[in-house]
Amino acid sequence: MELIGEITADRPLLVLAVKEEAQHLDTDLPVLLTGMGKVNAATALATVLARGTRPSEVVNLGTAGALRPGWTGTHVVGTVVQHDLDGELLATLTGETYGAPLTLPDGGDVVLATGDAFIADDAARERLALRAALVDMEGYALATAAGLAGVPLRMVKHVSDEAGDGAARSWRESVAACARALADWAAAHTPYRA
């Protein structure tokens with residue numbers, strides 16, 4: 001976890017998983033790098049939100065795999081689900097609901113599936129495509145942490161790969177261009193400069 005800059009109540013906090021995704025950010029806004037995966041994302045964001053001053057909102061910028069053909073570009077997420085938590089089984093065991101889909105305000109109809117596995121095979125992609133258009137490793141955890149803290153969250157994902165065979169190679173090859181697109185989105189849709 002690395003927090004760059006100071007959180008203030010009148011400005012958003014930009015949250016990204018890794019420095020590769022943030023490499024083109026040139027902003028006065030505070031930036032939190034959480035590390036990859038749900039545990040890193042949730043603990044990093046919860047830690048900074050619990051320290052005191054909370055931002056006006058959290059803006060999660062990151063890369064995502066496309067689960068369906070033709071999905072490219074930058075997308076604002078409307079709903080996020082966990083793909084690696086068996087909520088139905090847990091409900092039968094406990095009678096409680098765990099991991100229900102989370103709806104994000106002003107996010108539109110894009111559904112993002114979050115899980116700790118990097119999706120890089122065709123079978124997993126096809127299975128997940130029944131529930132979502134995009135897949136990442138941090139979104140659901142960030143939405144949960146921000147929601148529990150009462151801080152609004154916008155989630156913006158740029159497609160880096162097709163979440164199938166060869167996705168890891170594609171992510172490495174495309175992350176710099178994705179980082180540029182995410183920085184451009186942030187410059188156009190946040191108070192990027194003081």
Side-chain angles (χ1 to χ4, degrees), residues 1-37 40-41 44-45 48 54-80 102-114 118-119 132-143 145-146 151-163 166-194:
M1 176 182 102
E2 180 182 3
L3 177 61
I4 304 159
E6 183 179 340
I7 296 174
T8 61
D10 61 337
R11 298 185 319 157
L13 169 65
L14 302 181
V15 177
L16 300 94
V18 291
K19 66 182 183 319
E20 290 86 353
E21 293 174 327
Q23 66 184 292
H24 293 295
L25 290 176
D26 182 19
T27 181
D28 297 328
L29 295 175
V31 175
L32 174 64
L33 302 176
T34 66
M36 286 186 170
N40 287 328
L45 183 56
V48 300
R54 293 184 177 168
S56 60
E57 71 173 327
V58 170
V59 179
N60 170 228
L61 304 170
T63 55
L67 296 171
R68 298 177 184 157
W71 278 75
T72 61
T74 304
H75 303 275
V76 178
V77 174
T79 303
V80 62
L102 301 174
T103 301
L104 305 175
D106 304 321
D109 59 358
V110 175
V111 178
L112 173 74
T114 297
F118 185 89
I119 304 303
L134 301 174
V135 63
D136 84 338
M137 297 177 67
E138 298 83 25
Y140 192 93
L142 295 170
V151 178
L153 174 122
R154 283 190 289 168
M155 189 173 294
V156 180
K157 300 294 177 177
H158 190 83
V159 174
S160 58
D161 58 80
E162 293 183 352
R169 183 187 71 252
S170 296
W171 184 87
R172 283 190 301 275
E173 292 171 354
S174 68
V175 70
C178 293
R180 168 56 57 207
L182 292 166
D184 290 347
W185 185 94
H189 296 93
T190 68
Y192 200 66
R193 289 264 173 231

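- Annotation: side chain of Val48 is in contact with side chain of Ile7 (closest heavy-atom distance under 4.5 Å).
- Under the 3.5 Å distance criterion, the side-chain polar atoms of Ser174 are matched with a main-chain donor or acceptor of Ser160.
- Glu57 pairs by the salt bridge (charged side-chain N to carboxylate O under 4.0 Å, His left out) definition with Arg154, not counting sequence neighbours.
- In this structure, Glu173 contributes its side chain and Ser170 its backbone to no donor-acceptor pair below 3.5 Å.
- Of all non-hydrogen atoms in Pro12 and Pro55, the two that sit nearest each other are C-CB, 4.1 Å.
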Side chain to side chain contact (heavy atoms under 4.5 Å, CB included) between Leu33 and Val18, intermediate numbers included: CA-CA 6 Å; Leu33 302 176; Val18 291; over 6 Å; no
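- A donor-acceptor pair is defined here as one N or O able to donate and one able to accept, closer than 3.5 Å; such a pair exists between the side chain of Asn60 and the backbone of Val15.
- Interatomic distance, CG of Leu61 versus CG of Leu14, reported as 5.5 Å (0.5 Å rounding).
- Side chain of His75 to backbone of Thr72: a donor-acceptor contact under 3.5 angstrom is found.
- In Asp28, the CG atom is crowded: over 12 heavy atoms of neighbouring residues, nucleotides or ligands sit closer than 6.0 Å.
- No more than 12 heavy atoms of other residues, nucleotides or ligands sit less than 6.0 Å from atom CD of Glu162.
- Leu134 has its side chain out of reach of Arg68: every pair of non-hydrogen atoms, C-beta onward, lies at least 4.5 Å apart.
- Between Gly5 and Pro30 the shortest heavy-atom distance is C-CB, 4.2 Å.
- The nearest pair of heavy atoms linking Leu29 to Thr27 is N-OG1, 3.1 Å.
- The two atoms that bring Ala179 and Gln23 nearest to each other are CB-CG, 3.7 Å, heavy atoms only.
- The two residues Ala64 and Leu112 have their closest heavy-atom pair at CB-CD1, 4.4 Å.
- Side chains of Leu104 and Thr79 form no contact here, defined as non-hydrogen atoms less than 4.5 Å apart.
- In this structure, Met36 and Phe118 have side chains that are not in contact, with every pair of non-hydrogen atoms separated by 4.5 Å or more.
- Electrostatic pairing of Asp26 and Arg193 counts as a salt bridge here, judged by a charged N lying under 4.0 Å from a carboxylate O.
- Side chain to side chain, His158 and Thr63 fail the donor-acceptor criterion of an N or O pair below 3.5 Å.
- For Asp136 and Thr114, the side-chain atoms include at least one donor-acceptor pair closer than 3.5 Å.
- Closest of all the heavy-atom pairs between Ala181 and Thr74 is CB-OG1, 4.1 Å.
- Formation of a donor-acceptor pair under 3.5 Å by the Glu138 side chain with backbone atoms of Gly37 is found in this model.
- Applying the salt bridge (charged side-chain N to carboxylate O under 4.0 Å, His left out) rule to Arg180 yields the partners Asp184; only residues at least two apart in sequence or on another chain are considered.
- Distance CE/Met1 to CG/Leu3: 7.0 Å, rounded to 0.5 Å.
- For Asp106, the CG atom sits in a loose shell: 12 or fewer heavy atoms of surrounding residues, nucleotides or ligands are nearer than 6.0 Å.
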